[in-house]
Amino acid sequence: MARINDNYLKLQAGYLFPEISRRVSEFTTANPDAQVIRLGIGDVTKPLVPAVLKAFHEGVDDMAQGVSFHGYGPEQGYDWLSQVIIDKAYKPLGVELKTSEVFISDGSKCDSANILDIFDLGNKVAIGDPVYPVYNDTNVMVGRSGQADDKGYYEGLVYMPCTEENGFAPAFPSEKVDVIYLCFPNNPTGTVASKEQLKAWVDYAIESDAVILFDAAYEAFITETDIPHSIYEIEGAKQCAIEFRSFSKTAGFTGVRCGLTVVPEELMGTTESGEKYSFNKLWNRRQCTKFNGVSYPVQKAAAAVYSDEGWAQVKEVIDYYMENARIIREGLSAAGIECFGGVNAPYIWLKTPEGMTSWDFFDKLLNECFVVGTPGSGFGPSGEGYFRLSAFGDRANVETAVERIRQKWGK
Ligand code: MLT
């Protein structure tokens, strides 16, 4: 019989969001009349904006005629999409990129997992705690860790606690590492890094020959003008960082699937014999072998996000979600619940009332308020005692959820 990948058995629980769905569906089956409000997984609720839909339709129509039909596209994505992203999303930040450094994909979740293909298993990896579970679990899956201890920390991985005491900003790892995951605006805490903080990380990575995997999936939700949107706004970052971006939350593509990864040509690693080698070349090789590109109509739709009309419409939706974030943050804070994030990110990270554990609060919130959120401990041991609410809901639902929580726990 074929051997399984035993590393999967080290994973302690099912993936967080399916586990939440399981509990919610158990509850709704038992309580079919309950008006459940879902502020758990960060899934968008607003439809695609008209300019994007129009381009999407045109892309599909192109596929209906021989002259405009598209078969396999470039594995790296069409140059016209990479170029519009460079011109509209990076140039205004003062960041120059080549199309050969931008790889279009079916989303940043997949990319942030698949990127491990181009790193040797012997690399030491540092991740935040709490953290987007994909970073931790994929390192366990590929065999970079031992077993988890009773707190949930996996042997062999280096954790950087993000707590109220350090303002949810990870401290430099306590030992030499080769790969560092950073996510700003942060999922799950909703906090951001200033230019000075990112500069310190870039300097640290260069000095210690480490690569930063920078997840910028939520950059479009930054409202404060002095917060960096890209790690490449920091001098030297092209030598030490790979950046992931996503159309999922920015433009409502969670069900459409499109994202991108930037791998600068100057980013080098070393071979077994100590010679320098380009990560860009490796990622290109990986994508050409394992990926056949994003569908043409989806790339047409993605390009339309950056048209003047498209961006104005997308921005309106982002503002709508950020107004939800304000309503949650201010409403709960006024009720005496301590809240973080929600200013430059669509997530509010709150301290569970009455010192409840994250999962106890999840169950109480579901059973007594019919509101679904995400337990902080699902993102790592340092998330215990915290809870994440997503701002991607419908306005009326968000207001009702805040009111129900205030009535139950408000002071
Ligand atoms: C989340 O809720 O953390 C995200 O929706 C998950 C994801 O983007 O994969």
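Hydrogens, waters and symmetry mates are skipped; everything else that's a heavy atom, side chains included, is used. A quick note: this is a predicted structure, and the numbers were derived from the prediction, not measured. Order of listing sets the numbers, starting from 1, for every ligand and every atom in it.
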Salt-bridge present ([X], [Y]; N to O < 4.0 Å):
X	Y	result
Lys124	Asp178	no
Lys199	Glu196	no
Lys281	Glu265	no

Looking only at heavy atoms, is any part of Thr374 under 4.0 Å from ligand 1, and if so is it the side chain, the backbone, or both, or is it neither? neither

Which is it for Tyr347 and ligand 1 at heavy atoms under 4.0 Å: side chain, backbone, both or neither? side chain

Backbone N/O of Val371 and side chain of Arg38: donor-acceptor pair under 3.5 Å: no

As an exercise, identify every atom of ligand 1 less than 4.0 angstrom from a heavy atom of [X].
X	answer
Arg388	1 (C), 2 (O), 3 (O)
Ile41	2 (O), 5 (O)
Asn187	1 (C), 3 (O)

So is there a nitrogen or oxygen of [X] less than 3.5 Å from a nitrogen or oxygen in ligand 1?
X	value
Asp43	no
Gly42	yes
Lys249	yes

I would like to know whether Phe69 and Asp62 meet side-chain contact (heavy atoms from CB on, under 4.5 Å); could you show each step before the answer? CA-CA 6 Å; Phe69 173 77; Asp62 285 350; over 6 Å; no

Is the distance from the ring center of Phe379 to that of Tyr132 below 6.0 Å?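 Ring centres of Tyr132 and Phe379 not closer than 6.0 Å.
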
